[in-house]
Amino acid sequence: MVDLPDKKTDFIDWYLAVVEAAGVTDKRYPVKGMNVWTPYGFRARRNLDRIMIREIEATGSDAVEFPTLIPETEFQKEKEHIKGFDAEVYWVTKGGATSLDVNLVLRPTSETAMYPIFALWVRSHQDLPMNVYQIVNTFRYETKTTRPFIRVREIHFFEEHTCQVDEATAGERVASNLRAWGQMAAALALPYVAIRRPEWDKFAGAFYTVALDVPVGGARTLQLGSVHHYRENFSRPYGIQYEAADGSTRYVHQTTFGLSERLVGAVLAIHGDAKGAVFPREMAPYEVVVVPIPSAAAGDLPQRTATEVADRLTRHGLRVKLDDGPDRPGAKYYHWETVGVPVRIEVGAREAAARTVTAVDRTGTKSTLALDQLEALTDSALANFDRAISDRAQREFRASFSLAHTLDELRDSTTVRQLGWCGQEECGHQIETAIGGALLGTPEGDPPLEAPLPSACVACGRHDGVRWALAGRPM
RNA sequence: GGGACUGUGGGGUAGCUUGGUCCAUCCUUCGGGGUUCGGGACUCCGAGACGCCAGUUCAAAUCUGGCCAGUCCCA
């Protein structure tokens, strides 16, 4: 293990060092914001995809895939949307040496690719709801500093797009997406808070946006994903209409749900520690690494037993790495800890003779496993590990919020702040200036901290319409 | 959008101010041999770099310009 910067005091440097140490990406690709996925990193990403696919399909959503290029003429149809993305799209203006009649954009997101086709697919109320998703790469010309997984120009993007009969049904789809997200977050052992963004910070073209945020130390927050209700904002310009049961023609109400590889970054940021990366078992490239401990006296017994352990656990359905390379065992321990493997199984000569092995999880919990119950004991070691990192993340999450009662208190915030807000934009901006960050919005459901609702807005002191809001510094 | 800074083997660095001591330092890494192996082994042999393109100069890692890449600060 190389010495990592301190996670608490030098979070960004620590994050970059952990990403490097974890061996999941190669940042040397010579285009800003475009990173290479290594074999190890790609395993993590594929596992993330698997979780997303499982949970979204459980809610009745089907996979589709739309093209990467969108004609400028379609892209321009929804005015707010184009305004939001105009500055950060890549343009394709030539085919070979020939200038194109209609320029094409590399999708920054797929509304404008999908919706002209949705208009053809949706004819009757019988076609609704229509829930489809795709996992594709999208492109945004970020001008700010890019960071591996967190701010990139080529985004590995999960996007669900749905068409519903009316506003209320679309609202139910938003709720369904939030429940599906809850399952995904549980699989990744990630805590989060769902926050309805203020008007000035919602998705371009949305009626409202619910963002999924997690605090990452200090007042910093990381947005993990978002769910949007579009009402008829896109169905009108794109003409997505259906014939209702009563014979009338209506526009669909739409929703979208977006996630990305940023979840890999979030997992590294939230679970990682002073020793390196920590992967929850569902995302872990390998759930178990098996390390034989050679000994001249014992011949090939440790090696043979390690192979047996790896084979049995693989047949049991686990992702297993047998590390029988030439390094010394201690060097292997450090390596696999740095890259975040949940459970290591050590096979020594004395133990192998007694038909036991030692399991050590990434949090340091050690146990002896009898080989005749290897599969069951390994499963429970993995389950205990996931519970341990989830509990640790939850504890840090709860400690990441504090109440604020005045604008002054916001200035030196060392946590995300929970405060009373009247809902006026003017007050929101004052709050943002005070904290040097953003008014994240109003929590959906219970706020992180239990406290009596304040009677006055932290900015203007008004009493009408005061509700809980959260403010922080998005990274 | 405005400004500042940085770029040396695969990774991290010394050298740059004051051009020559540099066919470039050290750590790590990688390949091969041997002895080892219950928490980063030792040893021997070997591999690997001045971002790119111009310019100044007898001489450029070092100075100048452009480009590319990256970082930070401000709007």
Side-chain angles (χ1 to χ4, degrees), chain A residues 1-5 9-36 38-41 83 86-89 141-154 200 220 273-277 289-307 309 322-341 343-369 371 429 432-433 436-438 473-475:
Chain A
M1 181 180 84
V2 262
D3 281 338
L4 299 176
T9 58
D10 301 301
F11 178 76
I12 298 292
D13 289 336
W14 170 86
Y15 174 76
L16 293 170
V18 164
V19 168
E20 182 75 28
V24 285
T25 180
D26 197 320
K27 62 179 186 197
R28 293 171 297 184
Y29 193 78
V31 179
K32 181 182 169 75
M34 296 192 179
N35 300 312
V36 174
T38 62
Y40 190 73
K83 215 163 53 185
D86 209 16
E88 54 181 58
V89 294
Y141 184 75
E142 287 286 350
T143 55
K144 304 282 183 223
T145 300
T146 57
R147 301 192 188 293
F149 307 124
I150 287 179
R151 188 175 297 117
V152 290
R153 284 174 161 181
E154 180 172 9
W200 62 90
R220 277 186 303 267
D273 59 22
K275 292 163 117 178
V289 60
V290 183
V291 179
I293 299 159
S295 117
D300 68 349
L301 178 63
Q303 174 64 246
R304 247 187 13 248
T305 310
T307 304
V309 168
L322 171 64
D323 185 358
D324 53 1
D327 291 338
R328 294 166 68 96
K332 294 178 183 177
Y333 300 166
Y334 276 96
H335 172 72
W336 295 112
E337 282 168 1
T338 302
V339 302
V341 175
V343 169
R344 172 178 79 241
I345 293 181
E346 306 172 9
V347 183
R350 292 191 295 279
E351 285 181 308
R355 298 296 289 164
T356 65
V357 293
T358 298
V360 185
D361 80 17
R362 181 57 178 74
T363 66
T365 302
K366 208 169 216 176
S367 52
T368 298
L369 312 183
L371 278 180
H429 291 320
E432 296 190 330
T433 303
R473 302 185 185 119
M475 68 176 286

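Residue numbers begin at 1 in each chain, while the letters A, B, ... track the order of the sequences.
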Margin query: Taking salt bridge (charged side-chain N to carboxylate O under 4.0 Å, His left out) as the definition, give me every residue that meets it alongside A/Glu20, ordered by chain and number, with sequence neighbours left out.
Written below: A/Lys27
Item checked: Pairing residues for A/Asp26 by the salt bridge (charged side-chain N to carboxylate O under 4.0 Å, His left out) criterion, not counting sequence neighbours -> A/Arg28
Note to self: If the test is side chain to side chain contact (heavy atoms under 4.5 Å, CB included), which one of A/Asp13, A/Val18, A/Leu16, A/Asp10 qualifies with A/Leu4?
What the structure shows: A/Val18
Margin query: For a quick check, tell me whether the side chain of A/Glu351 and the base of B/G38 share a donor-acceptor pair closer than 3.5 Å.
Written below: yes
Check: With both distances kept under 3.5 Å, what pairs with B/G9, Watson-Crick or G-U wobble?
Finding: none
Next item on the list: Quote, to the nearest angstrom, the P distance that separates B/G20 from B/U25.
Entry: 16 Å
Item checked: Partners meeting salt bridge (charged side-chain N to carboxylate O under 4.0 Å, His left out) with A/Glu346 (sequence neighbours left out) -> A/Arg344
Item checked: P-based separation of B/U21 from B/A41 [nearest Å] -> 39 Å
Notebook entry, point to check: Using a heavy-atom distance cut-off of less than 4.0 Å, which residues of residues 352-362 of chain A contact RNA chain B?
Noted result: A/Thr358
Checklist line | Nearest-angstrom distance, P atom, B/C73 to B/U56 | finding: 39 Å
Next item on the list: List for me each residue that meets side chain to side chain donor-acceptor pair (under 3.5 Å) alongside A/Asp273, sequence neighbours excluded, and say none if there are none.
Entry: A/Arg362
Checklist line | Polar pair under 3.5 Å, donor/acceptor by atom type, side chain A/Glu337, base B/G39 | finding: yes
Note to self: Across nucleotides 67-75 of chain B, 5' to 3', mark each nucleotide with B, S or - according to how protein heavy atoms within less than 4.0 Å reach it.
What the structure shows: --SSSS--B
Check: Taking only residues two or more places apart in sequence, or in another chain, which ones meet A/Tyr15 in a ring-ring contact (aromatic ring centres under 6.0 Å, His included)?
Finding: none
Check: Which residues pass the salt bridge (charged side-chain N to carboxylate O under 4.0 Å, His left out) test with A/Arg151, sequence neighbours left out?
Finding: none
Check: When the P atoms of B/G39 and B/A61 are considered, how many whole Å apart are they?
Finding: 48 Å
Item checked: Partners passing side chain to side chain donor-acceptor pair (under 3.5 Å) against A/Arg328 (at least two apart in sequence or in another chain) -> none
Next item on the list: Tell me, yes or no, whether the heavy-atom count around A/Lys366 atom NZ, taken from other residues, nucleotides or ligands under 6.0 Å, exceeds 12.
Entry: no
Next item on the list: Provide the distance between the two C1' atoms, one in B/A24 and one in B/G31, to the nearest whole Å.
Entry: 23 Å
Next item on the list: Tell me the partner of B/G1, counting only Watson-Crick (N1-N3 plus N6-O4 or O6-N4) or G-U wobble (N1-O2 and O6-N3) with both under 3.5 Å; none if nothing fits.
Entry: B/C74
Please produce a list of atom pairs where a protein N or O lies less than 3.5 Å from an N or O of nucleotides 27-36 of chain B.
residue : atom : partner  : partner atom : Å
B/U36   : O2   : A/Arg328 : NH1          : 3.4

Item checked: Flag, side chain of A/Lys332 to backbone of A/Asp323, donor-acceptor distance under 3.5 Å -> yes
Next item on the list: Ignoring the backbone of A/Tyr334, work out which of B/G39, B/G38, B/A41 is nearest its side chain.
Entry: B/G39
Notebook entry, point to check: Does B/A24 have a Watson-Crick or wobble partner in any strand here, with both distances under 3.5 angstrom, and which is it?
Noted result: none
Notebook entry, point to check: Now, which nucleotide makes the Watson-Crick or G-U wobble pair with B/G39, with each of the two distances under 3.5 Å?
Noted result: none
Note to self: Can you check the distance between B/C27 and B/C44, where both ends of the measurement are the P atom (answer in whole Å)?
What the structure shows: 13 Å
Margin query: With a 3.5 Å limit on both atom pairs, tell me what B/A60 is paired to, counting Watson-Crick and G-U wobble, or say none.
Written below: none
Next item on the list: Provide the Watson-Crick or G-U wobble partner of B/A47, both distances under 3.5 Å; none if there is no partner.
Entry: B/U29
Margin query: I need a per-nucleotide contact map over nucleotides 2-10 of chain B, read 5' to 3'. Cutoff is protein heavy atoms under 4.0 Å; write B for the base, S for backbone only, - otherwise.
Written below: --------S
Note to self: Using a 4.0 Å heavy-atom cut-off to protein, can you give one letter per nucleotide of nucleotides 45-50 of chain B, 5' to 3': B if the base is in contact, S if only the sugar-phosphate is, - if neither?
What the structure shows: ------
Notebook entry, point to check: Rounded to whole angstroms, how far apart are OH on A/Tyr333 and P on B/G38?
Noted result: 8 Å
Note to self: Between B/C63 and B/G9, how far apart are the two C1' atoms, rounded to whole Å?
What the structure shows: 25 Å
Next item on the list: Quote, to the nearest angstrom, the P distance that separates B/U71 from B/G12.
Entry: 13 Å
